[in-house]
Amino acid sequence: PVATRTGVRLHKINIFISEEPESLSNWSSGGVAVGVAFNMGDKKVRIAVIGLGFGAEFIPIHQAHPNVEIVAVCRRNQAELDKVADLYKVPKRYTDYEELLRDPEIDAVHINSPISCHASQSLKALRAGKHVMCTVPMATTIEECEAVCQAVKDTGLKYMMAETVVYSREFLYIKELYDKGELGKLQYLAASHPQDMDGWPAYWQAMKPMHYATHVVSPCLGLVDGKAEYVSCFGSGTVRDDIAEKSGSPFAVETCHIKVKDSDLTAHVWRALYDVARQYRESIDIYGSKKSFEWTLVENEPHILHVGKRPEPKIPEKVKIPDYAHLLPEPIQKFTRSIQDDQHLSFLQGSGHGGSHPHMVQEFVTAVLEDRMPWPGAQTSANWTCVGICAHQSAEQGGAHVNLPPFTLQ
């Protein structure tokens, strides 16, 4: 039989011909996902979760996954470490990350530490022989991104940046429309991510807006499975003096145009972290020749699908986004609608990340067990991350074109 493999990894369609496929994960018939359950038998990935603030949200997902064994958790604060480990009955507990990496029973780490730790902890894990799933962004410098890509190449291990947006139900819905041809020819991509970071941990005050841009970069590039070739960005407005001093940047908003490599498409994205009066919005707008999708302006209101060539008043229609839990193994399907800690700022402002968490776990685990590159893998993650780094460089130069590093385009 011939089947098309889409499902969770909707960024690319591959054709497999096999009398008896080794696995049925994310398979579909005729290009429409039907979510046949993935059967990997008794094989398991032994995972340690690093960072137990936001990271604790993933422990019950990993524990419920039929092919995961949570063997350890890590946090510097012993009391908080024990509190979480006791709650979820995790046997091994580490306050020392490097000691954890010496544990031969751990196959992979899921890093949810502060952003400044992402690159160094990823590199240490890869060099210690562990696969890595790390929350966004990959790093804060181009040099760090290149080092992670080189470590993946040298070790042959798996690296996945856990970008929530490209596994959200909204993105999966748009991608399904695109793959079925309903949008027609794509003409323009746009995304915005204003977020008030007052009240978040103090290290955010040192962050430049575009250095945390993957939530807007990833859906634009991920939709077309493209890479950014170069960017042009402007800074706009000013933040208060203490934020400008700590971040080294005066800009309240950074607004960037991305040239998609080997394509006639451009994307426009913008970010704000402080001193902009706007409800949280983590959005993507897609404009096609047949249909266009616009993210709601106000959280929890319907998104809008515009259908071309209708009478003008009938062009826009409100749409209810379906859930995509059926693409997942049954034991973790409930987590697309379930939040363990609904008071965490990531969820108070992030609307639960669109049910993405179990999809990301599924992608990482199956990539490790199938010995394939997860999505996004190291080079794609570096390209998405370096868009923001290059964008800030451009803003400092008054909007100059800045090329993406060659290693992100390979």
Side-chain angles (χ1 to χ4, degrees), residues 9-13 136-137 161 163-195 209-210 212-234 236 253-272 281-297 303-308 315-316 319 321 354 356 375-376 380-392 394-395 399 401-404 408-409:
R9 289 204 306 144
L10 286 164
H11 67 289
K12 188 179 290 185
I13 296 176
V136 301
M161 186 174 72
E163 174 50 67
T164 56
V165 175
V166 295
Y167 287 97
S168 68
R169 62 181 65 90
E170 289 85 359
F171 180 85
L172 296 178
Y173 171 74
I174 297 167
K175 190 68 171 77
E176 189 172 18
L177 292 179
Y178 174 59
D179 286 343
K180 291 163 66 176
E182 292 189 23
L183 300 179
K185 182 184 184 299
L186 292 190
Q187 306 289 22
Y188 180 61
L189 312 168
S192 68
H193 183 188
Q195 184 171 4
M210 273 293 164
Y212 191 76
T214 64
H215 290 334
V216 287
V217 174
S218 64
C220 294
L221 296 177
L223 181 67
V224 296
D225 199 26
K227 298 285 185 69
E229 182 177 9
Y230 59 85
V231 298
S232 173
C233 181
F234 288 91
S236 182
V253 175
E254 289 186 319
T255 175
C256 173
H257 274 93
I258 303 167
K259 177 64 178 68
V260 182
K261 188 175 185 296
D262 299 325
S263 169
D264 61 1
L265 282 172
T266 60
H268 172 238
V269 302
W270 67 273
R271 288 288 286 116
R281 187 175 191 245
E282 195 175 289
S283 72
I284 178 172
D285 299 330
I286 304 295
Y287 298 92
S289 60
K290 296 179 180 179
K291 293 181 181 179
S292 298
F293 176 92
E294 290 186 333
W295 198 280
T296 179
L297 289 173
H303 304 294
I304 304 297
L305 191 68
H306 296 266
V307 181
I315 289 175
V319 293
I321 306 298
S356 60
W375 189 73
T380 296
S381 300
N383 187 261
W384 294 355
T385 299
C386 287
V387 165
I389 298 170
C390 292
H392 180 70
S394 172
H401 282 192
V402 176
N403 293 324
L404 269 290
T408 73
L409 299 173

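Residues forming a salt bridge (charged side-chain N to carboxylate O under 4.0 Å, His left out) with K227 (at least two apart in sequence, or on another chain): none. Not a single salt bridge (charged side-chain N to carboxylate O under 4.0 Å, His left out) links K290 to another residue, sequence neighbours left out. Contacts of E294 classified as salt bridge (charged side-chain N to carboxylate O under 4.0 Å, His left out), with partners at least two apart in sequence or in another chain: none.
Of the possible polar contacts, none joining the R271 side chain to the G388 backbone as a donor-acceptor pair under 3.5 Å is found. Formation of a donor-acceptor pair under 3.5 Å by the S283 side chain with backbone atoms of S192 is found in this model. A donor-acceptor contact shorter than 3.5 Å is absent between the side chain of T385 and the backbone of A382. In terms of modelled atom types and a separation under 3.5 Å, the side chain of N403 and the main chain of Y230 share no donor-acceptor contact. With H257 contributing its side chain and H268 its backbone, the two residues share no donor-acceptor pair below 3.5 Å. A donor-acceptor pair under 3.5 Å is absent between the side-chain atoms of S232 and the main chain of H401, judged by distance alone. Under the 3.5 Å distance criterion, the side-chain polar atoms of R281 are matched with a main-chain donor or acceptor of T296.
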For the pair V319 and Y173, evaluate side chain to side chain contact (heavy atoms under 4.5 Å, CB included) and give the outcome as yes or no after the intermediate values. CA-CA 11 Å; V319 293; Y173 171 74; 3.9 Å; yes
Exercise for the section: Decide yes or no on side chain to side chain contact (heavy atoms under 4.5 Å, CB included) for I284 and I174, but give the supporting numbers first. Expected result: CA-CA 9 Å; I284 178 172; I174 297 167; 3.8 Å; yes
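V269 has its side chain within reach of M210: a pair of non-hydrogen atoms, C-beta onward, lies under 4.5 Å apart. In this structure, I258 and V387 have side chains that are in contact, with non-hydrogen atoms separated by less than 4.5 Å. No side-chain heavy atom of E229 sits less than 4.5 Å from a side-chain heavy atom of L404. Taking 4.5 Å as the limit, every side-chain heavy atom of I286 sits out of range of all side-chain heavy atoms of Y178. D285 places none of its side-chain heavy atoms less than 4.5 Å from the side chain of Y188.
Across all their heavy atoms, L186 and L265 have their closest contact at O-CD2, 3.4 Å. Between T214 and P219, the shortest heavy-atom contact is O-CD, 4.0 Å. Taking all atoms of both residues into account, the shortest heavy-atom contact from E254 to C233 is CB-SG, 4.0 Å. F171 approaches G222 most closely through the heavy-atom pair CZ-C, 3.8 Å. When all heavy atoms of C220 and L189 are compared, the closest pair comes out as O-CD1, 3.4 Å. Minimum interatomic distance between V216 and H193 (heavy atoms only, all atoms of both residues): CG1-CB, 3.5 Å.
Atoms CG and CG, from L177 and L172 in turn, are 11.0 Å apart once rounded to the nearest 0.5 Å. Considering CG of D225 and OG of S263, their distance stands at 11.5 Å, rounded to 0.5 Å. Residue L221 holds its CG atom at 11.0 Å from CD of E163, rounded to the nearest 0.5 Å. The distance from atom SG of C256 to atom CZ of F234, rounded to the nearest 0.5 Å, is 10.5 Å.
Between W375 and Y167, the ring-plane angle classifies as perpendicular under the 30° and 60° cut-offs.
Only one option out of K259, K185, Q187 pairs with D264 in a side chain to side chain donor-acceptor pair (under 3.5 Å); it is K185.
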